[in-house]
Amino acid sequence: MSMDPFAEGREGSGVLRVETEGAPVAMLLRMQDVRKAAKDWKTYSSDLAPDIVIHSEADVRSVRQLPIECDPPDHTDYRALVQPLFDRPNKDPEYKAEIETLVDQMVADLVHESECEIVRGFALPLQSKALARLLSVPDSEADVWIQWGVHVFYDRDEAETEKNPLEAYTGEMFRKAEENPGEDFFSHLNQLHFRGRPLTFEEKQGFANVTFAGGRDTVINTISGIFAYLAEHPETLQQLKQDRSLILPAVEEFVRYVSPLTAIARKCPHATALPDGSEVSEGNRIAMCWPSANRDASVFSNPDEVVLDRKPNPHISFGFGKHNCLGAPHARLILRSLLTSLCDRVDEIQVLKKVAKLEEESSFTRENGYEQLNVKLLGNS
Amino acid sequence: MPKVTFITPENETITIENAEGTLMEIATFNDVDGIEGACGGVCSCATCHVRIPAEWQAKVGPASEAEQGIFDFMEEAGPDSRLGCQIEMREELDGLVVHVAGDEE
Ligand code: HEM
């Protein structure tokens, strides 16, 4: 099993076909093909709700996610509305300090416990609590989100899923904020205007939906990936401890190496020729395969290795172009804080048990993060 | 010690004496508008896009392959484009003037 089941296709035709719910999706595997598609929204449109990921989400949500599932000029205006909320890591030193303290406290607790399951025991609560701070809601809300599991749409027993909890929850939060406005995300969205009129309920739900869904398993898989890697390569943690200036490039390198989002789709409004000479018919989808582009040997030397000080490292784990990840500053802040606290507090990580998470598709199986990762931490002596 | 001047999209001029590090580091440290440096300087995020005036291009040098791979798909980029994180300040560049591109995205 591999984190990069795309090597053969990337070096071959450059396109890998996959079928989801009976529909064909042509995945682009090379860096320059992915970048080109990400930039060319007229040919590769994001107006494809609810199918922005390769498996349709028609069964698990009713709203169009914003600003991700639309094209310019709408996208430009929708994105500008929420950009300041997501830019807090760059603009708000208090919030930055809060995240650093949160992460450091959680790492301290982890060292104290000594043995822990990382995915649900650490990464999931960390992701939820950090999001609570980004959205300026109390920690008690994070406790609710933790119950939802690692993936807000899919991490649940069939039996317990009457209906997905997310839309009902965010809908209720918007209503509560209406009655009792505060400084939080929901109150803020209630006040926003799109081209001179208030946002509709559906639009607000769309913004909330991707905010909760998009940054969840991605952040969690990156965190578990970092723990597993540091456990298997004890010298890496020592190198980081000795030279803290490696932390910035190391975070980018782990984000490249893990590439926790496997693919994002676009729809072709017209029949479109692909790099391998084949054609996508009108209305069908392509997908941009970020992990494959991030191991393109024409861009990265030793792409399968973690090179802590890799520079340049023009990875596109956070996307490329107009839709590039709004949550990237937040994700980077969490991951930089994590490496810093691990350097401060931990001497060695040992894996006790690990079960890789597999994404099984019609034409490939990819390892992406862990279902379970039990570790023992040895604190700084 | 070398000196560098950033001209922002709003035509504000910011001159930094004794500049050390990369143009991205210098700009973010001094709060130059339009330079973000989100990825910390590894040539990934393209939020430190600058334009080099003709008279400085030879000394600064052309975009690397990694930068060009990004510029190829940026409508905003031109032959005078560089990423600030890829330019290390040095004596030879004393007096350098660069324009902050201030892209929409
Ligand atoms: C390591 C973690 C993450 C990775 C790898 C990641 C990856 C991505 C990618 C590849 C895109 C581009 C989608 C496209 O081109 O259509 C994207 C968009 C987006 N991400 Fe993330 N993401 C991460 C974390 C987050 C977090 C934490 C949040 C929210 C708190 C978030 C919110 C968003 C939003 C709102 C968009 C849509 C932007 C737009 O359409 O303009 N992401 N992300």
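Order of the sequence lines fixes the chain letters, A, B, ..., with proteins taken first and strands second; residue numbering starts at 1 for each chain. On a predicted model such as this, the values are computed, not experimentally measured, just so you know.
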request  = Report yes if some heavy atom in the side chain of K311(A) is under 4.5 Å from a heavy atom in the side chain of Q86(B); otherwise report no.
outcome  = no
Between C39(B) and E252(A) the two heavy atoms that sit nearest each other are O-CG, 3.3 Å
Bottom line for P329(A): the part with an atom under 4.5 Å from chain B's heavy atoms is neither
So, the part of S298(A) with a heavy atom under 4.5 Å from chain B: the answer is backbone
Cut-off 4.5 Å, heavy atoms of chain B, and the answer for Q32(A) is both
Heavy atoms of other groups near E94(A) CD, more than 12 under 6.0 Å: no
Check whether more than 12 heavy atoms from other residues, nucleotides or ligands sit under 6.0 Å from atom NZ of K96(A), and answer yes or no. no
CG of N294(A) to OG of S44(B), rounded to nearest 0.5 Å, is 8.0 Å
Pair count under 4.5 Å, heavy atoms only, with chain B: among L248(A), N90(A), N313(A), highest is N313(A)
Scanning both residues in full, the closest heavy-atom pair of R332(A) with C45(B) reads NH2-CB, 4.4 Å
Expected contact set for residues 51-70 of chain B against chain A at heavy-atom separation under 4.5 Å reads E65(B), A66(B), G69(B), I70(B)
Filtered by a 4.5 Å non-hydrogen cutoff, the part of residues 334-341 of chain A contacting chain B is R336(A)
